[in-house]
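Chain letters run A, B, ... following the sequence lines, proteins first, then strands; residues in each count from 1.
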Protein chains: 2
Amino acid sequence: MQKSVLRPSVPSETAPLSAHDRVYRGLRQQIMHGELPPGHALTLRGIGKSFGVSMTPARESVRRLSAEGALTLSASGRVTTPELSNERIEELASIRALLEPELGSRALRRAHLALIDRMEVINDANARAVNRRDPVEYIRTNLEFHRTLYLRAQSPAMLGLLETVWLQLGPTMRALYTRLQRTTAPPHHRMILEALRAGDDAALRLALRTDVTQGLRHLQA
Amino acid sequence: MQKSVLRPSVPSETAPLSAHDRVYRGLRQQIMHGELPPGHALTLRGIGKSFGVSMTPARESVRRLSAEGALTLSASGRVTTPELSNERIEELASIRALLEPELGSRALRRAHLALIDRMEVINDANARAVNRRDPVEYIRTNLEFHRTLYLRAQSPAMLGLLETVWLQLGPTMRALYTRLQRTTAPPHHRMILEALRAGDDAALRLALRTDVTQGLRHLQA
DNA sequence: ATAGCTGAATTGTGATCACAAATCCCATGC
DNA sequence: GCATGGGATTTGTGATCACAATTCAGCTAT
């Protein structure tokens, strides 16, 4: 209807996001951070309305997200967040257990002190989210802790694949969190940080692997 | 791989494919099998015309495929097949080297003789494609050889991730093939089959890993 | 010859519409 | 009480359109 907003004025120039991109990013974040429970239904018109666009960008975003496994399309085209079977959860966990130690190991060679400091800050925020019993913030900081490390691996394809896995687990992680009311921060984060400081590859791989599998082991429905 | 439409009727019943699905599958196959060279440009209207649909389903397919890394969107929205850097190729190869031994190992426990026979048949077709110097058929049978094995692993998420990697490599594999005119079938396929017959997990992992890295090592531009 | 410029054609984007299928709701009947 | 049937509503699909941005061809000026 009205798309006349070309404002090159502001110096803090953010790239002119297309409508599709805004919707995609918004939905993706909601899903990955566990803001939507498993099985939550969405409609194209509803998505469009909530982002202030027509259904065309909404449809494209949904296609894209369902290609990444972040959304499920029923045979009739209905859109929901995925409800994962136990087998699927275990499989996704073992993929994480395969990829994350590899990414961590690659990052280790390039890690510096500033990186570890940054991870500590994020880990503190994570601990605070646990105390506040804030599931979304907990998931967000937890993933950011890992992503900050893996970004250092300079392996964008592998990180992209991993984020796909995180996406698929988003709604389930939320369900997990509310099921077992977590009271302590992830215990292995400290081990990860120590292995990084020590430059110990084997210890880092082990710490990452157990951090990943530990968290998802309790998911048995 | 995606919608499992339960059709209890005729076994040869093809599900009523939506226009979007037909376009998606068609394009995906062209890309994965190396029918398009790297950097090949596509247009939404052109895709629509060649599949007999409007640009709407074409656009959705392109979005989906670019989410999977099978297509690249320029900043202005132009669509091309990806031209991978050497670093990217190496990274994708190492992902294959990580995932494929794992899938093979999982399949090994469930493998039976009929499976190995089927793989031999595919491998023969692969050798014939080499003799005929048919790049598309070579790539197709090569991937089918691997997929036939991995299907047995009963790990759909992991296989899905791997197919994403294959997709990204499709156009590049075609360029590779035409660059070094292959004259012999992949030598490690025999080792894979023997390890399967022997039930030797370590040998299978090694054979798969070398088959994967060997094939892509020559890709240095 | 080559670099630069201008107008035409091409191309992606997002909105809207018609339509059919799926879903929901509620009254009816057992 | 519970299943059932039918009509209204919701919902996804695909086509089409207007529009802006990009791209390209051909011409001019140096």
**Asked** For the pair made of CZ in F51(B) and P in dG14(D), what is the distance, rounded to whole Å?
**Response** 14 Å
**Request:** Check whether any side-chain N or O of T81(A) sits under 3.5 Å from a backbone N or O of P37(A) as a donor-acceptor pair, and report yes or no.
**Result:** yes
**R63(B) CZ to R64(A) CZ distance, which is reported to the nearest 0.5 Å** = 6.5 Å
**Asked** Counting N and O atoms only, with roles assigned by atom type, does the side chain of S105(B) sit under 3.5 Å from a partner on the main chain of E102(B), one being a donor and the other an acceptor?
**Response** no
Short heteroatom pairs, N/O only, protein and nucleotides 6-12 of chain D, under 3.5 Å:
residue	atom	partner	partner atom	Å
dT11(D)	O4'	R78(A)	NH2	3.4
dG12(D)	OP1	L44(A)	N	3.4
dG12(D)	OP2	L44(A)	N	2.9
dG12(D)	N7	R45(A)	NH1	2.9
dG12(D)	O6	R45(A)	NH2	3.2

**Message:** Output the rounded distance in Å from CG (L17(A)) to C1' (dT13(C)).
**Reply:** 14 Å
**Prompt:** Do R106(A) and S155(A) get their side chains close enough for a donor-acceptor pair, meaning under 3.5 Å?
**Reply:** yes
**Prompt:** With respect to the phosphate group of dG14(D), does any side-chain polar atom (N or O) of T56(B) fall under 4.0 Å of OP1 or OP2?
**Reply:** no
**Request:** Please state how far atom NE2 in H20(A) lies from atom C1' in dA15(C), giving the value in whole angstrom units.
**Result:** 16 Å
**Message:** Tell me the interatomic distance from I47(A), atom CD1, to dG14(C), atom C1', rounded to whole angstroms.
**Reply:** 16 Å
**Item:** Charged N-O contact under 4.0 Å between R147(A) and E163(A)
**Value:** yes
**Message:** Using whole Å, what does the distance between atom P of nucleotide dG12(C) and atom CG of L71(B) come to?
**Reply:** 12 Å
**Request:** Starting from P on dT13(D), measure out to CZ on R64(B) and report it in whole angstrom.
**Result:** 11 Å
**Message:** Do Y150(B) and H146(B) pair up side chain to side chain, a donor and an acceptor below 3.5 Å, judged on atom types alone?
**Reply:** yes
